[in-house]
Number of protein chains: 2
Amino acid sequence: MNTTSPEPVGLRERKKARLRQELINTAVRLFHERGFEGTTTEEIAAAVGVSQRTFFRYFASKEAVVLAAAEGVDQILFEALRARPADESPFLALRNAMRDHWAHLEREGLHLIGATEDLSARSPEILDTNLRYCRQRQEQLAQVVGERAGVDPATDPRPSLVAAVFFAALNNGYQNWCSEGCQNTERLLRSFLEQLDLLPQAIGDDWGTPQARSA
Amino acid sequence: MNTTSPEPVGLRERKKARLRQELINTAVRLFHERGFEGTTTEEIAAAVGVSQRTFFRYFASKEAVVLAAAEGVDQILFEALRARPADESPFLALRNAMRDHWAHLEREGLHLIGATEDLSARSPEILDTNLRYCRQRQEQLAQVVGERAGVDPATDPRPSLVAAVFFAALNNGYQNWCSEGCQNTERLLRSFLEQLDLLPQAIGDDWGTPQARSA
DNA sequence: TGTCAAGTGTCAGTCGCTGACATAATCTCG
DNA sequence: CGAGATTATGTCAGCGACTGACACTTGACA
């Protein structure tokens with residue numbers, strides 16, 4: 001969903017928004033069924049009933065569709081972050097927001113982006129793309145982190161840094177989850193949280209005894 | 001340079017290694033001259049005197065060449081990391097290794113990867129690719145970090161996490177440097193170090209007063 | 001020296017992506 | 001409502017990354 005703009009006014013705008021959403025939904029569905037690589041942009045366009053050229057007028061690249069789908073999910077994360085108590089530090093709040101956000105995802109399923117089933121578990125490639133092309137998402141997250149902390153991401157480098165590190169940790173957790181065979185999503189969340197919780201120690205002075213990955 | 005294998009033995013092996021290196025050198029040179037996007041794989045192949053098909057038999061993608069070139073640079077970083085005193089914490093050692101490594105780069109230039117001039121400053125696109133596709137580099141770095149700390153990256157998640165966060169911070173520093181107009185390389189190093197030094201505070205509990213980017 | 005494997009070139013083809021131009025749908029304003 | 005200006009879309013041609021198949025050459029090795 002385009003959660004940023006409230007309501008398209010003219011018929012033209014409404015049609016455009018609807019088509020855009022339909023492209024996203026169809027693309028996500030096809031990615032589920034055939035995988036990201038296994039789906040061509042022409043197939044997506046054909047399934048919606050438009051030309052490939054039109055597809056590329058809506059999205060700069062095949063990956064951009066995934067990014068657009070992720071935006072809806074991110075909005076929920078941002079909401080969860082805003083809802084955290086103000087006395088939590090930015091990073092901790094982000095960690096907890098991630099947990100809350102996940103619960104929300106499990107409850108709601110993912111119909112908000114047009115899929116009825118779990119996105120991550122069904123198509124790791126998609127999450128992969130998500131995590132790899134996270135610049136834009138990172139910027140948006142930095143914005144929210146900055147707001148919450150009352151600093152301007154344009155001048156204070158810390159929000160961006162927190163966002164970057166957050167996604168880096170997630171990426172790591174995701175890879176671990178994959179290497180363990182892409183099990184259920186609770187495990188993925190646990191993998192995420194593990195990385196986030198380990199972070200302070202990992203960059204800290206005392207590594208203590210060797211750490212074992214939580215089984 | 002393929003710094004991992006000591007010496008190719010047969011004539012065949014030697015030819016292969018030489019061709020591979022020539023492809024890397026030529027590609028990097030052309031990227032310098034015309035930019036990454038502005039150079040086609042056919043041009044690279046033609047400049048070396050082989051077919052495009054052969055190029056793709058040596059490298060899985062256009063970006064893989066850049067990655068291969070970066071490997072040589074990374075080896076120096078790894079050396080610098082190994083050379084840090086053992087009582088430095090992994091993250092701090094990495095930070096200082098980065099500084100040492102940079103000095104080395106400035107001194108040596110970059111003929112080790114076939115370029116006579118500064119890679120980063122001349123062609124931001126290349127560094128961009130470097131930072132974006134850093135999975136492989138991340139794994140290698142995690143390996144070295146683990147060795148130094150005496151833990152196994154396969155079971156202890158911290159080395160990978162440190163490596164991931166390290167590259168995330170670098171990425172961030174790079175973006176800042178870009179947004180400030182891609183000035184000289186000392187500035188880039190400073191931007192890197194700034195991000196690394198800010199990290200503990202950024203994920204810490206106390207953000208204190210708003211921070212200003214070091215001008 | 002002859003045989004076998006490995007490296008290479010050529011060719012055809014797929015797919016992501018773009019520019020150009022014509023057509024059709026919407027909007028605006030009289 | 002209707003004419004003309006905007007904007008969205010389709011079609012087509014083309015580029016560049018990348019791949020499979022097959023024939024050919026070159027180094028390896030008995």
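Letters A, B, ... are given to chains in the order of the sequence lines, protein chains preceding strands, and every chain is numbered from 1.
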dist A:D156:CG -> B:L198:CG (nearest 0.5 Å) comes out at 7.5 Å
Got a list of protein N/O to nucleotides 10-12 of chain C N/O distances below 3.5 Å?
none

Atom CZ of A:R14 and atom C1' of C:dT26 are separated, to the nearest Å, by 12 Å
note: A:F56, atom CZ; C:dG16, atom C1'; distance rounded to Å ~ 5 Å
When the rotation axes relating C1' atoms of four end pairs to the next four are compared across the helix from C:dT1-D:dA30 to C:dG30-D:dC1, five pairs an end, they differ to 10° by 10°
- prompt: Going by distance alone, is a donor N or O of one side chain under 3.5 Å from an acceptor N or O of the other, for B:N25 and B:Q21?
  reply: yes
Residues A:R29, A:E33: salt bridge by 4.0 Å N-O rule
yes
Taken to the nearest whole Å, NZ/A:K16 to P/C:dA25 is 18 Å
Give a yes or no answer on whether the side chain of B:E13 reaches the backbone of B:G10 with a donor-acceptor pair at less than 3.5 Å. no
| message | Can you tell me if B:Y58 touches the phosphate of C:dG7, counting only side-chain N or O atoms and a distance under 4.0 Å to OP1 or OP2? | response | no
To the nearest 0.5 Å, atom CD1 of B:I44 lies from atom CD1 of B:I24 at 11.0 Å
Sorted by chain and residue number, the salt bridge (Lys or Arg N to Asp or Glu O under 4.0 Å) partners of A:E42 (sequence neighbours excluded) come out as none
To the nearest 0.5 Å, atom CG of B:L141 lies from atom CZ of B:F78 at 5.0 Å
To the nearest 0.5 Å, atom CD1 of A:I203 lies from atom CD1 of B:I203 at 3.5 Å
* Asked: Just to confirm, is there a sub-4.0 Å distance from OP1 or OP2 of D:dG16 to any side-chain nitrogen or oxygen of B:K62?
  -> no
Taken in chain and number order and not counting sequence neighbours, the residues that satisfy side-chain contact (heavy atoms from CB on, under 4.5 Å) with B:E79 are B:R82
B:L19 CG to C:dG9 C1', in whole Å, measures 13 Å
Do B:E22 and B:R18 meet the salt-bridge criterion of a basic N to acidic O distance under 4.0 Å?
no
_Does any part of the side chain of B:V73, heavy atoms only, come nearer than 4.5 Å to the side chain of B:H101, both counted from C-beta?_
yes
Separation between CG (B:L196) and CZ (B:R99), nearest 0.5 Å, reads 11.5 Å
Within residues 41-49 of chain A, those residues having any heavy atom closer than 4.0 Å to DNA chain C are A:T41
Taken to the nearest 0.5 Å, the spacing of A:Y58 OH from A:L23 CG works out to 7.5 Å
Could you write out each protein N or O paired with an N or O of nucleotides 27-30 of chain D at a distance under 3.5 Å?
from	atom 1	to	atom 2	distance (Å)
D:dG27	OP1	B:K15	NZ	3.1
D:dG27	O3'	B:R12	N	3.4
D:dA28	OP1	B:L11	N	2.9
D:dA28	OP1	B:R12	N	3.2

Atom CZ of B:F55 and atom P of D:dG16 are separated, to the nearest Å, by 14 Å
